[in-house]
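Comments concern the structure below.
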Protein chains: 2
Amino acid sequence: MLITINDQDPRPVYIQIAGQVKEQIQRGELKAGDELPSVRELAGSLGINMHTVRHAYSILRDQNLLVFRLGQQAKVASLRSQPAGTKEIATALNRQLDELLTEAFLLGLSADDFRNLINEKINQRKEQKK
Amino acid sequence: MLITINDQDPRPVYIQIAGQVKEQIQRGELKAGDELPSVRELAGSLGINMHTVRHAYSILRDQNLLVFRLGQQAKVASLRSQPAGTKEIATALNRQLDELLTEAFLLGLSADDFRNLINEKINQRKEQKK
DNA sequence: ATAACTGTTATAGTATTATTATAACACTTA
DNA sequence: TAAGTGTTATAATAATACTATAACAGTTAT
């Protein structure tokens with residue numbers, strides 16, 4: 001669990017932490033059931049307060065990415081246990097995709113350029129899996 | 001220029017404004033050279049302070065989306081006049097695309113699912129242009 | 001020229017949010 | 001029982017966001 005705080009980053013610390021943990025989950029570096037460092041431990045190693053870490057974790061719990069149980073460390077949630085369902089998340093994905101497309105076209109990319117870019121990235125991932 | 005402030009939104013007002021203006025530029029509702037409402041005018045209609053609007057505009061200027069000239073209202077920048085060049089923006093696009101891909105795959109989408117989704121969206125845009 | 005607009009800069013004060021500091025509580029595990 | 005979890009509560013401090021005024025420098029139209 002490598003978490004760093006960037007003083008130059010204008011975003012609050014708890015957002016930075018939540019973002020980094022989220023990324024590690026999305027990248028598969030943290031898998032369902034994996035334990036996170038305790039709020040006191042992470043806070044200690046980062047030199048910040050316990051509650052700031054807790055705040056970060058709580059946000060991810062609200063997004064159903066983490067699961068808390070009293071007396072135990074926070075764990076990465078299993079994907080199936082997302083009560084929000086795929087529906088809402090899919091709409092979020094749609095929105096993000098729309099934004100990305102407009103941005104790409106703004107940059108002067110053609111539809112084919114974009115398709116090629118996508119294919120490149122997909123192939124990169126396939127190779128990494130090998 | 002329809003700009004609204006959502007009190008429920010945890011993000012600061014200047015971020016909300018900057019975000020909405022940015023979206024309108026990306027959607028083509030605001031085109032290069034279009035004038036934005038003056039900071040005093042927009043602030044007045046939103047019931048907020050001049051400097052808050054200015055802060056929002058300044059962020060977009062730093063992103064090379066707006067151009068300021070003393071004595072004149074802020075204008076939407078022409079895309080070619082982005083000194084940062086396509087390079088940095090392209091890396092931002094790359095990063096966003098990576099995040100989106102991981103998120104999509106997390107949701108269980110296959111590579112083909114994703115390609116189909118992209119194609120649908122591209123076709124939607126082509127139809128809108130007609 | 002002048003009046004009425006622009007954005008710019010400066011200074012200050014207030015309001016809100018983020019962070020820290022302590023402490024006690026409830027629960028789990030060894 | 002002891003040492004580790006997250007939880008809750010309260011309070012104080014630090015940092016950020018927002019407002020309030022005012023003056024300045026440039027533009028545009030009268």
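Numbered from 1 within each chain, the chains take letters A, B, ... in sequence-line order. When reading the values below, keep in mind they use all heavy atoms of this one structure, side chains included, and skip hydrogens, waters and symmetry mates. Keep in mind the model is a prediction, meaning the values are calculated, not measured.
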Just verifying a value: how many Å separate A:Ile118 CD1 and B:Leu100 CG, rounded to the nearest 0.5 Å?
7.5 Å

A:Glu35 atom CD is separated from D:dG4 atom P, nearest whole Å, by 15 Å

Atom pairs under 3.5 Å: protein N/O with N/O of nucleotides 12-18 of chain C:
unit_1	atom_1	unit_2	atom_2	d
C:dA18	OP1	A:Tyr14	OH	2.6

Given a cutoff of under 4.5 Å between side-chain heavy atoms of I, L, V, M, F, W and Y, with clusters grown through shared members, what are the other residues clustered with B:Ile59?
B:Tyr14, B:Ile15

Taking every non-hydrogen atom, the tightest pair across A:Leu2 and A:Gln20
O-OE1, 4.0 Å

Using a cut-off of strictly less than 4.0 Å, decide whether A:Ser38 has a side-chain nitrogen or oxygen near OP1 or OP2 of D:dT5.
yes

Apply side chain to side chain contact (heavy atoms under 4.5 Å, CB included) to the pair B:Lys121 and A:Asn94, showing each step before the final yes or no.
CA-CA 9 Å; B:Lys121 294 210 166 294; A:Asn94 255 298; 2.7 Å; yes

Atom CG of B:Asn64 and atom CG of B:Asp62: how far apart are they, to the nearest 0.5 Å?
8.0 Å

Show the nearest heavy-atom pair for residues B:Leu36 and B:Gln73, with the distance to one decimal.
O-NE2, 2.6 Å

From A:Leu60 CG over to A:His55 NE2, what is the distance, rounded to the nearest 0.5 angstrom?
10.5 Å

Atom CG of B:Asp62 and atom P of C:dT8: how far apart are they, to the nearest Å?
11 Å

Decide side chain to side chain contact (heavy atoms under 4.5 Å, CB included) for B:His51 and B:Val39; before the verdict, give the C-alpha distance in whole Å, the side-chain angles of both, and the deciding distance to 0.1 Å.
CA-CA 8 Å; B:His51 295 100; B:Val39 289; over 6 Å; no

Just checking, any donor-acceptor pair under 3.5 angstrom between side chains of B:Arg11 and B:Asn6?
no

Euclidean distance, atom CG of residue A:Leu60 to atom P of D:dG6 [Å, nearest integer]:
14 Å

Would you kindly give the CZ-to-C1' distance between B:Arg11 and D:dC18, to the nearest whole Å?
17 Å

To the nearest Å, give me how far apart CG (A:Asp7) and C1' (C:dT19) are.
13 Å

Atom pair distance, as rounded to whole Å: NZ in B:Lys75 and P in C:dT6:
14 Å

Could you note down all residue pairs passing salt bridge (charged side-chain N to carboxylate O under 4.0 Å, His left out) where residues 34-46 of chain B supplies at least one of them, sequence neighbours left out?
none

Please confirm whether the shortest side-chain N or O distance from B:Arg61 to OP1 or OP2 of C:dT8 is below 4.0 Å.
yes

Please give the angle, rounded to 10 degrees, between the axes at the start and the end of the helix from C:dA1-D:dT30 to C:dA30-D:dT1, where five pairs define each axis.
30°

Going 5' to 3' through nucleotides 21-30 of chain C and flagging B where a protein heavy-atom sits under 4.0 Å of the base, S where only the sugar-phosphate is that close, and - otherwise, we get BB-B--BSS-

Should B:Arg54 be listed as having a side-chain N or O under 4.0 Å from OP1 or OP2 of C:dT9?
yes

Residues 17-46 of chain B vs ring pair (Phe, Tyr, Trp, His ring centres under 6.0 Å), sequence neighbours excluded, gives none

